[in-house]
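Notes for the one structure printed next.
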Amino acid sequence: MFVVGASGAGKSTFIKLIMHEETPNTGEVIVNGYKMSQIRRKDIPYLRRTMGIVFQDFRVIPTMNVFDNVAFTLRAVGASTREIRRKVSHALSMVGLGAKARSFPTELSGGEQQRVGLARALVNNPSLIIADEPTGNVDPNMSYEIVELLTEINRRGTTVVMVTHEHQLVRDFNRRVIMLEGGTVVADNSEGAV
Amino acid sequence: MKFRSLKYLTLEGLKNIWVNRLMSIASIGVLVACMVLMGAAILFSLNVDKALGSLQDQNVVMVYIKDGITEEETKQAYQDVKKLANVKEAVFIPREEGVDSLLKDMGDQYKDLFAWVDEDQSGSFLPDGIRVSFTDLTKYDDSIKQIKAVKNIENINSSRELTMQIIGMRKMITIAGAWIIGLLMITALVIIANTIKITMHNRKLEISIMKAVGATDNFIRFPFIVEGMVLGLISALVTSGLLYLAYEMTVKQITKVMTLEAIPYSSVFWGILGLFCLIGVATGCIGSVISIGKYLRKEGSEFRAF
């Protein structure tokens, strides 16, 4: 699913609401069974473990190699070493970075760094992936590769919410599109591009 | 939190010290300076307290027993005084011994003046006495009252003013020492908190990712606490060593020019080391908790706004 809209349309607020970084003044937000109006502060990390987030600026840690960057998510949830090894290898091979596990972010291109971010988001088998303008900092070819990867992840059963302002991408990948304007949904076409 | 997480986070905390080694060295340096001052204040207080304590031990009260009573009654009066709660030591001084001691104290200069004492067959012009020292000088007035109440006590020769001065000085030194230590502890706390704050700003990216992937606040907090505690502990060990060298050298220099019965460092070494370790670890822990808590409540809660 794509979420599109001009600057200030409410795309970021939409993500903040899903991640429980903001709470709505009215209405109810329910994500993966968690009601945002009722969730306790100590339960927020557990809500976030049910989803993965991909950032526009990659946010890979420069002092850690690719493997550790991806393993970071699992360490934060207390996974065992064996589990970390297995899941990270799987996630890296999914994004095509199996051979670069020992490389450091500075040795990778922008597109590869974004794929590290993608591997990190999906390594914990989340039921929802939020991609916040994931193609904003990569070249057009790489943008298509990233969206193709997200499409593949979606095909395997994970919901993917991608916020973007790249209309061409939205047109090329025929998915549900929600258009925001001034904080309101002005169009929702589950058949394809708006 | 799981054991493997604790192990991982402890290692992360230790790694942070090395990664931010310049900052760590600077913090240890300032903390050591702070703790050396604290240690100097403690050692100074202990030495002054010891000197005043020995002065206090010398500060005895002479209790005189009534003249003309039976030997049995004299013994009873002595026993009654000795039994009193705050009496540390009570030594019976027979009248003859009292006079000998007095003459000795006065020296040969006045020997002729008291020549008649030797000729006086009745013994001495002084009554039998008891030399009394107290356990707790703060109960001085009450103890004097109790002695006065004992049967057959004639009078008491005491130096109340000097006693009160000693009590006052000991009290003042204790209070001043506590203030100095308290203020330096706050300084140490601020230093640790600032170091952790800087480390946290250096690791903003990691913290924002940790929050995004669902790390709990405790998981994020733990490495910083380990870092603070280890910095405190290293500072404590360095301080104990430095203080030992500085103290030994100072005592050596002072004893060259004056008589000083200083406390041997070996007698307080473990106490001081333990205290510093405790202060170091506690300030490290509290400083980190304060900094990271503040950070997580404010900037750290908005991981997307990084």
Side-chain angles (χ1 to χ4, degrees), chain A residues 11-23 32 34 41-64 68-84 105 116-117 120-124 126 129-130 132-133 163, chain B residues 1-24 198-227 289 292-306:
Chain A
K11 300 191 296 291
S12 295
T13 308
F14 173 67
I15 291 182
K16 281 182 178 181
L17 286 169
I18 294 176
M19 302 290 290
H20 199 274
E21 213 180 296
E22 295 276 357
T23 45
N32 292 336
Y34 286 92
R41 191 179 144 80
K42 70 179 180 66
D43 289 328
I44 298 170
Y46 300 96
L47 156 76
R48 289 177 183 164
R49 287 176 195 185
T50 66
M51 53 181 109
I53 182 158
V54 183
F55 300 96
Q56 181 182 358
D57 54 358
F58 322 139
R59 298 217 193 157
V60 286
I61 300 161
T63 52
M64 285 182 187
D68 286 333
N69 262 290
V70 179
F72 198 68
T73 305
L74 296 169
R75 288 193 174 118
V77 299
S80 68
T81 313
R82 187 186 289 179
E83 199 182 351
I84 290 171
V116 175
R120 186 178 60 202
L122 60 90
V123 72
N124 201 24
I129 284 187
I130 297 158
D132 185 9
E133 302 201 27
V163 171
Chain B
M1 206 185 288
K2 291 174 185 166
F3 174 73
R4 56 173 166 259
S5 294
L6 280 182
K7 192 180 151 194
Y8 166 73
L9 294 174
T10 306
L11 289 172
E12 280 297 297
L14 296 175
K15 208 170 82 185
N16 288 346
I17 294 175
W18 178 247
V19 172
N20 304 303
R21 51 190 172 278
L22 268 179
M23 198 60 221
S24 303
I198 292 166
T199 316
M200 257 169 358
H201 278 277
N202 288 342
R203 297 185 64 207
K204 250 167 134 178
L205 173 67
E206 278 175 60
I207 295 173
S208 77
I209 299 166
M210 279 188 194
K211 295 223 80 163
V213 300
T216 58
D217 282 356
N218 282 340
F219 186 91
I220 299 169
R221 205 178 271 141
F222 199 79
F224 293 104
I225 294 175
V226 169
E227 190 178 342
V289 168
I292 188 83
K294 235 181 197 173
Y295 183 82
L296 289 177
R297 274 194 304 275
K298 290 181 181 172
E299 302 105 285
S301 65
E302 292 194 8
F303 57 83
R304 290 195 66 256
F306 163 75

Over all atoms of both residues, closest heavy-atom pair of [X] and [Y]:
X	Y	result
A/F55	B/A212	CZ-CB, 3.9 Å
B/L205	A/P62	CD2-CD, 3.8 Å
B/A215	A/R49	CA-NH2, 4.5 Å
B/K211	A/R48	O-CD, 3.3 Å

Min side-chain heavy-atom separation [X]-[Y] under 4.5 Å:
X	Y	result
B/E12	A/R75	no
A/I61	B/I209	yes
A/K42	B/N218	no

Determine whether more than 12 heavy atoms belonging to other residues, nucleotides or ligands lie under 6.0 Å from atom CZ of B/R21.
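Enclosed: over 12 neighbouring heavy atoms sit under 6.0 Å from CZ of B/R21.
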Which of the residues A/T50, A/V77, A/N124, A/T73 is involved in the greatest number of heavy-atom pairs with chain B at under 4.5 angstrom?
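Heavy-atom pairs under 4.5 Å are most numerous for A/T73.
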Under a 4.5 Å heavy-atom cut-off, does chain B meet the side chain of A/A79, its backbone, both or neither?
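Backbone only.
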